A.B. asks: 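Have a look at the structure that comes next, please.
Order of appearance sets the numbers: ligands from 1, and atoms from 1 within every ligand. Sequential numbering from 1 along the given sequence is applied to the chain's residues. Note that the structure is predicted; figures quoted are calculated from it, not measured.
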Amino acid sequence: MTNQPVALVTGASRGIGRAIALELARAGHALVVNFVSRREAAEEVVGEISAAGGEAFTAQGDVGRRDDRAALVEQTLDRFGRIDVLVNNAGITSQGRKDLLEASEESWDRVFDTNLKGPFFLSQQVAREMIRLKAAGTIDGGKMVNISSVSAYAISTDRADYCLTKSALRTMTQLYAARLADEGIGVFEICPGVIESDMTAPVREKYDRLIAEGLWPIRRWGQPEDVARAVAAIVADSFPFSTGERINVDGGFHIRRL
Ligand code: NAP
């Protein structure tokens, strides 16, 4: 049991999820640091939080798998006795980045399981728990944040499955926002632009050039911390009369220009 609010961040071992976990820990949350395969990286995140006096533990689990999702929530409640925040961050890009005409069902299944089925059913499960915990007086309300992408609207023909999951995540945010408002649970989408992480390492040079040419107005790489700060603002209840809202963290990429 903990008196701190508790945040479960999926894919918190690296990149954006790691930065979100560290930022929420700094803001006074106890953290569940989920990962799928890189245990050491997740343990480092927990080590960093513990060294700063915070509470955290690692929780292995593939968000695309029903049993793993159930275990993730069970471990959170066993350990901390509550859940106040869910950040659906874990995500993978299209496997092999194949052209639309070559795209495989194997990639489709993996990307949809991780990026859409996982967040959808984890949100469902966590929402049920939040409603129960609120009725019991354990939590005041909840927040859910879904990490989408500019790929929700800016298509890449070599990453069709990725784009489709991210645009669906947008609708998912609105579905849960509408359903959970009466329960005191706010649901938000954060739409990152190109962020420096392992995911974008293979396209580093391409974006170095495009950024210098001014592809988006703020001419630099996005950093995981840029996304983390936006999540922290939502979680801190800085938008109390908003839900289903999208925050672009993209250097202004979404602005259409002539
Ligand atoms: P990343 O550096 O590749 O890290 C991915 C994280 O997700 C890792 O912690 C990984 O765990 C975890 N993960 C992968 N599959 C998982 C699964 N099935 N179950 C649980 N965890 C899983 O990626 P990132 O760049 O930080 O991206 C994080 C999120 O932001 C993704 O949803 C991505 O689509 C989105 N996003 C990224 C960018 C960008 O430019 N980087 C832009 C827009 C949106 P392990 O360490 O155990 O592998």
A.B. asks: What atoms in ligand 1 come closer than 4.0 Å to a heavy atom of Ile147?
C.D. replies: 30 (O), 35 (C)
A.B. asks: Counting only heavy atoms, which portion of Ser148 has something under 4.0 Å from ligand 1: side chain, backbone, both, or neither?
C.D. replies: backbone
A.B. asks: May I ask you to say whether Arg18 pairs ionically with Glu44, meaning some side-chain N is under 4.0 Å from a carboxylate O?
C.D. replies: no
A.B. asks: Considering non-hydrogen atoms of the protein only, which is the closest contact for atom 16 (C) of ligand 1, and what is the distance?
C.D. replies: Val36 CG1, 3.6 Å
A.B. asks: Minimum heavy-atom separation for Ala160 and Leu100, please, with both atom names.
C.D. replies: CB-CD1, 3.4 Å
A.B. asks: Does only the side chain of Ile92 get under 4.0 Å from ligand 1, or the backbone, or both, or neither? Count heavy atoms.
C.D. replies: side chain
A.B. asks: Please state which protein non-hydrogen atom is closest to atom 11 (O) of ligand 1 and give its distance, to 0.1 Å?
C.D. replies: Ser13 OG, 3.3 Å
A.B. asks: Which atoms of ligand 1 have any heavy atom of Asn34 under 4.0 Å away?
C.D. replies: 20 (C), 21 (N)
A.B. asks: Please check if any side-chain donor atom of Asn88 sits under 3.5 Å from a side-chain acceptor atom of Thr10, or the reverse.
C.D. replies: no
A.B. asks: Which of the numbered atoms in ligand 1 are under 4.0 angstrom from any heavy atom belonging to Val194?
C.D. replies: 40 (O)
A.B. asks: Is it possible for you to check whether Arg204 lies under 6.0 Å from the centre of the six-membered ring of Trp221, through NZ or CZ, and within 45° of that ring's axis?
C.D. replies: yes
A.B. asks: Quick one: nearest non-hydrogen protein atom to atom 48 (O) of ligand 1, plus distance?
C.D. replies: Arg14 NH2, 2.8 Å
A.B. asks: Pick one of side chain, backbone, both or neither for how Thr114 approaches ligand 1, counting any non-hydrogen atom pair under 4.0 Å.
C.D. replies: side chain
A.B. asks: Side chains of Glu55 and Thr2 only: does a donor on one sit below 3.5 Å from an acceptor on the other?
C.D. replies: yes
A.B. asks: Run the numbers for me: atoms of ligand 1, each under 4.0 Å from some heavy atom of Asp198, listed by number.
C.D. replies: 2 (O)
A.B. asks: Where on Thr200 is there a heavy atom closer than 4.0 Å to ligand 1, on the side chain, on the backbone, on both, or on neither?
C.D. replies: side chain
A.B. asks: Find all atoms of ligand 1 within a distance of less than 4.0 Å from any non-hydrogen atom belonging to Ser197, and give their numbers and elements.
C.D. replies: 2 (O), 24 (P), 25 (O), 41 (N)
A.B. asks: For atom 18 (N) of ligand 1, find the nearest protein heavy atom and state the residue, atom name and distance (0.1 Å precision).
C.D. replies: Asp62 OD1, 2.8 Å
A.B. asks: Closest non-hydrogen protein atom to atom 19 (N) of ligand 1, residue and atom name please, with distance?
C.D. replies: Val63 N, 3.0 Å
A.B. asks: Is the contact between Lys166 and ligand 1 made by the side chain, the backbone, both, or neither, using heavy atoms and a 4.0 Å cut-off?
C.D. replies: side chain
A.B. asks: Indicate whether any N or O donor in one side chain lies under 3.5 Å from an N or O acceptor in the other, for Ser148 and Glu189.
C.D. replies: yes
A.B. asks: Got a salt bridge between Arg159 and Asp161, using NZ or NE/NH1/NH2 to carboxylate O under 4.0 Å?
C.D. replies: no
A.B. asks: Tell me which protein heavy atom sits closest to atom 34 (O) of ligand 1, plus the residue, atom name and distance to 0.1 Å.
C.D. replies: Tyr162 OH, 2.6 Å
A.B. asks: Answer yes or no: is there a donor N or O on one side and an acceptor on the other, between the side chain of Asp84 and the main chain of Gly142, under 3.5 Å?
C.D. replies: no
A.B. asks: Looking only at protein heavy atoms, which one is nearest to atom 42 (C) of ligand 1, and what is the separation?
C.D. replies: Gly193 O, 2.9 Å
A.B. asks: For ligand 1, is there an N or O atom under 3.5 Å from any N or O atom of Gly11?
C.D. replies: yes
A.B. asks: Show me which atoms of ligand 1 lie under 4.0 Å from any heavy atom of Gly61.
C.D. replies: 19 (N), 20 (C)
A.B. asks: For atom 28 (C) of ligand 1, find the nearest protein heavy atom and state the residue, atom name and distance (0.1 Å precision).
C.D. replies: Asn89 OD1, 3.3 Å
A.B. asks: Pairs of nitrogen or oxygen atoms closer than 3.5 Å, one from Ile195 and one from ligand 1: do any exist?
C.D. replies: yes
